[in-house]
Structures are given as structure tokens and as C-alpha cells.
Trainee: 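Dropping the structure in here first, questions after.
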Amino acid sequence: MIDIRPFPTLGHADHGWLDARHHFSFANYHDPGRMGWGSIRVWNDDRIAAKSGFPPHPHRDMEIVTYVRTGAITHQDSMGNKGRTGAGDVQVMSAGSGVVHAEYNLEDEETTLFQIWIETDRPGAKPGWGAMPFPREARDGAFQLLASGDADDGALTINADARVLGATLKGGSRIRLEADPARHLYLVPSAPVRVNGVAAGPRDGVAITGEATLLIEGEEDAELVLVDAR
């Protein structure tokens, strides 16, 4: 089953400094049919104005993955962590028993990013934060693992049975990915693609389950972000 969630139908909140699109119910956007996808609870497509950002606020018992599309985001938290994550790179935060953090765009340009929340498998765990660079050229034509629940896979680690993958796809080319039909996959492309023959537009959400193989064909050069969750 492949269900396309067109970008214009996503939840929308424009706060001036933040222009956010919500793939799933979040804040003042509530759609009973879009409460999540498997253990994926939030997928926000954010545009953050220069010299602005999210002031300190708390989280607990959620795995929060930030994929920076353009610009950069600077993180700081109550654990003493501070770091800047640039375009194409990823940061993760396991909120666990509780953490307060802030996310600022300190750049002179707009920052765009995906913030993805995945339900934790370890409620009350010690909170943690990490970031890694992932050069886009390393995932040209193939999915690269960015984060997962396996601490030994060389990617960022989260406390959830999930994988976060990224790829770049040239127009006219294709990527094949083996999948577990029992899992819930969610894909967001930056440009038009076809997934097992089903057309999806730029920044549409593609909710997938019951598929053993995905064939993703690019009509134009595209950046792909995919989460595979239970």
C-alpha cells in the first residue's frame, strides 16, 4: 500500500519567523486520520528565518531526528551539549527522562529542515544528543543509513526500532530498496518521483506498508529522506 499525502494538504502554521508544514497532527493542527505512521509520530517540514529559532523548551520520552536541508541549525541543551548541524547532515536527541533544549538558526540565511519524532522503545532512559556529517555525494544513487537503533552500525543511535535513510537521485535514474512488508515506511522527496509506479510531488509524504520492494524513479534530481519504523 502506497498512500500519497500531497504537500498542499499538510497542516500549516506560519509564525513569521517559522513557516511549518506538518505531515502528522501537531500543535494546533489535528487530523484524526494523520496521527502518525507506525511509530513515526511527527514529521515537520520547517522553514526558519535567519537569526531566529526555538527558545528553550522541554521534551521527554521521544526520539527526535533533525535533517537539515539548507542552511544550518545550532543546538544547545540542559545536558551541556552545543553543536551546529549544516545542510545534508543530521542530529539526534533521545529525550528520555527529560531534557530542555533550544534550536537556533544563527545564519544569515533561511534554514530549512525536517524534524522527525519517533516513539521511544526505552521510556525514562538517560537523555542524549549526537550529530554527524553525511556528505551528499556519499549517497548518490543509493540510500545511506543516517540513524538507527543499532549502536554498532556506524550511524547515529536512537532508542527505537527504526532506521533513518537518505539518498540523492539523479533525474532519469532509479533506486531499489528491499523492505519488510510488516513495517511502516515514510518517504519525502525534494522533487517529483515515482514509487512503485505511484507519482509523488516535491515534499509530498509517501506512506508505505505491505511492500517487499521499493523502486523509486526520479523525474528530476531529488533528495530523498526515508524512515523505516515498526
Trainee: Here's a test for you: under ring pair (Phe, Tyr, Trp, His ring centres under 6.0 Å), which of Phe7, Phe24, Phe114 qualifies with Trp43?
Mentor: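 When ring pair (Phe, Tyr, Trp, His ring centres under 6.0 Å) is applied between Trp43 and each of Phe7, Phe24, Phe114, only Phe114 qualifies.
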Trainee: Is there side-chain contact between Val188 and Val206, with at least one heavy-atom pair below 4.5 Å?
Mentor: no
Trainee: Ile73 and Trp17: same hydrophobic cluster, using ILVMFWY side-chain contacts below 4.5 Å?
Mentor: yes
Trainee: Using the rule that two of Ile, Leu, Val, Met, Phe, Trp, Tyr join whenever any of their side-chain heavy atoms come within less than 4.5 Å, decide whether Val164 and Leu145 are in one cluster.
Mentor: no
Trainee: So if you build clusters from Ile, Leu, Val, Met, Phe, Trp, Tyr with side-chain heavy-atom gaps below 4.5 Å, do Phe26 and Val225 land together?
Mentor: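 Different clusters.
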Trainee: Measure from the side-chain N and O atoms of Thr120 to the backbone N and O of Asp61, and report whether any donor-acceptor pair falls under 3.5 Å.
Mentor: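 Not confirmed, Thr120 side chain does not pair with Asp61 backbone.
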Trainee: What residues form a salt bridge (charged side-chain N to carboxylate O under 4.0 Å, His left out) with Lys170, not counting sequence neighbours?
Mentor: Asp140
Trainee: Side chains of Tyr186 and Leu226, heavy atoms from C-beta outward: is any pair under 4.5 Å?
Mentor: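 With C-beta onward as the side chain, the pair stays apart.
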Trainee: Can you tell me if Arg60 uses its side chain to pair, donor with acceptor, with the backbone of Ser97 under 3.5 Å?
Mentor: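 Pair found, side chain donor or acceptor close to backbone of Ser97.
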Trainee: What's the shortest heavy-atom distance between Ile175 and Gly141, and which atoms?
Mentor: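 Of all heavy-atom pairs spanning Ile175 and Gly141, the closest is CG1-O, 3.6 Å.
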Trainee: Under the salt bridge (charged side-chain N to carboxylate O under 4.0 Å, His left out) rule, collect the residues that match up with Asp121, sequence neighbours excluded.
Mentor: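 Applying salt bridge (charged side-chain N to carboxylate O under 4.0 Å, His left out) to Asp121 gives Arg230.
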Trainee: How close do Phe134 and Asp89 get, heavy atom to heavy atom, and via which atoms?
Mentor: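 Minimum heavy-atom separation between Phe134 and Asp89: N-OD1, 2.7 Å.
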Trainee: Checking side chain to side chain contact (heavy atoms under 4.5 Å, CB included) against His101, which of Met79, Gln76, His59 comes through?
Mentor: His59
Trainee: So does Arg139 pair up with Glu223, basic N to acidic O under 4.0 Å?
Mentor: yes
Trainee: What I'd like to find out is whether the side chain of Thr111 reaches to under 4.5 Å of the side chain of Leu113, using heavy atoms alone.
Mentor: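 Side chain of Thr111 against side chain of Leu113, heavy atoms only: contact under 4.5 Å found.
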Trainee: Please list, chain by chain and in numerical order, all residues satisfying ring pair (Phe, Tyr, Trp, His ring centres under 6.0 Å) with Trp129, sequence neighbours excluded.
Mentor: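 Testing Trp129 for ring pair (Phe, Tyr, Trp, His ring centres under 6.0 Å), a comparison that skips the adjacent residues, returns His75.
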Trainee: Can you confirm whether Arg136 is buried at CZ, in the sense that more than 12 heavy atoms of other residues, nucleotides or ligands lie under 6.0 Å from that atom?
Mentor: yes
Trainee: So how far is it from His23 NE2 to Ile116 CD1, rounded to the nearest 0.5 Å?
Mentor: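 Interatomic distance, His23 NE2 to Ile116 CD1, rounded to 0.5 Å: 9.0 Å.
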Trainee: Quick one: does His12's side chain get under 4.5 Å of Asp19's, heavy atoms only?
Mentor: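 Yes - at least one pair of side-chain heavy atoms lies under 4.5 Å apart.
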Trainee: When rounded to the nearest 0.5 angstrom, what distance separates CD1 in Ile4 from CD1 in Ile2?
Mentor: 7.0 Å
Trainee: Run the side-chain contact (heavy atoms from CB on, under 4.5 Å) check on Asp45 and Arg203 step by step: do they pass?
Mentor: CA-CA 8 Å; Asp45 183 332; Arg203 294 161 71 191; 2.9 Å; yes
Trainee: Under the 3.5 angstrom rule, does the side chain of Asp46 hit a backbone N or O of Ile48 as a donor-acceptor pair?
Mentor: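 Pair absent, no side-chain N/O of Asp46 close to backbone of Ile48.
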Trainee: Identify all side-chain donor-acceptor contacts of residues 207-217 below 3.5 Å with residues at least two apart in sequence or on another chain.
Mentor:
unit_1: Thr209; atom_1: OG1; unit_2: Pro181; atom_2: O; d: 3.4
unit_1: Thr209; atom_1: OG1; unit_2: Arg183; atom_2: O; d: 2.8
unit_1: Glu211; atom_1: OE1; unit_2: Asn196; atom_2: ND2; d: 3.1
unit_1: Glu211; atom_1: OE2; unit_2: Met1; atom_2: N; d: 2.8
unit_1: Thr213; atom_1: OG1; unit_2: Glu178; atom_2: OE1; d: 3.2
unit_1: Glu217; atom_1: OE2; unit_2: Arg174; atom_2: NH2; d: 3.0

Trainee: To the nearest 0.5 Å, tell me how far Arg122 CZ sits from Ile158 CD1.
Mentor: 12.0 Å
Trainee: Please confirm whether the backbone N or O of Asn159 pairs with a side-chain atom of Glu63, one donor and one acceptor, at under 3.5 Å?
Mentor: yes
Trainee: Heavy-atom distance under 4.5 Å between the side chains of Val92 and Ile64, does that happen here?
Mentor: no
Trainee: Shortest non-hydrogen contact from Ala72 to Asn105?
Mentor: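 Shortest heavy-atom contact: O-OD1, 3.6 Å.
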Trainee: Mind checking the CG-CG spacing from Asp228 to Leu187? Nearest 0.5 Å is all I need.
Mentor: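 Nearest 0.5 Å value for the CG-CG distance: 11.5 Å.
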Trainee: Is any side-chain heavy atom of Leu165 closer than 4.5 Å to one of Val227?
Mentor: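 No, every pair of side-chain atoms sits at 4.5 Å or beyond.
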Trainee: Can any side-chain N or O of Trp37 pair as donor or acceptor with the backbone N or O of Leu185 at less than 3.5 Å?
Mentor: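 Side chain of Trp37 to backbone of Leu185: a pair is present.
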Trainee: Please name the pair of heavy atoms, one in Val90 and one in Val65, separated by the smallest distance, quoted to 0.1 Å.
Mentor: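 Distance-wise, the nearest heavy atoms are CG1-CG1, 3.8 Å.
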Trainee: Using a 6.0 Å cut-off, check whether atom CG of Asp14 has over 12 heavy atoms from anything other than its own residue.
Mentor: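 Result for CG/Asp14: enclosed.
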Trainee: Yes or no on salt bridge (Lys or Arg N to Asp or Glu O under 4.0 Å) for Asp204 and Arg5, after CA distance, side-chain angles and deciding distance?
Mentor: CA-CA 6 Å; Asp204 287 357; Arg5 283 88 184 274; over 6 Å; no
Trainee: Using every non-hydrogen atom in the two residues, find where Ser190 and Asp221 come nearest and quote the distance to one decimal.
Mentor: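 So the two residues come closest at OG-O, 4.5 Å.
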Trainee: Kindly state each residue pair satisfying salt bridge (Lys or Arg N to Asp or Glu O under 4.0 Å) with at least one member in residues 21-40, sequence neighbours excluded.
Mentor: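 Listed by first then second residue: nothing to list.
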Trainee: What's the separation between atom OG in Ser39 and atom CE in Met62, rounded to the nearest 0.5 Å?
Mentor: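 Reported value, rounded in 0.5 Å steps: 10.0 Å.
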Trainee: Can you pull the salt bridge (Lys or Arg N to Asp or Glu O under 4.0 Å) pairs that have at least one residue in residues 92-111, sequence neighbours excluded?
Mentor: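 As it turns out, the salt bridge (Lys or Arg N to Asp or Glu O under 4.0 Å) pairs with a partner in residues 92-111, which skip direct neighbours, are Arg47-Glu110, Lys51-Asp108, Arg84-Glu107.
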Trainee: Mind checking whether Val198 and Val193 sit in one hydrophobic cluster, side chains of I, L, V, M, F, W, Y counted as touching below 4.5 Å?
Mentor: yes
Trainee: How close do Gly154 and Met132 get, heavy atom to heavy atom, and via which atoms?
Mentor: O-CE, 3.5 Å
Trainee: Is any side-chain heavy atom of Pro202 less than 4.5 Å from a side-chain heavy atom of Pro192?
Mentor: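 A side-chain contact under 4.5 Å exists here.
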Trainee: Is there a path from Val68 to Leu156 through hydrophobic residues (I, L, V, M, F, W, Y) whose side chains come within less than 4.5 Å of each other?
Mentor: no
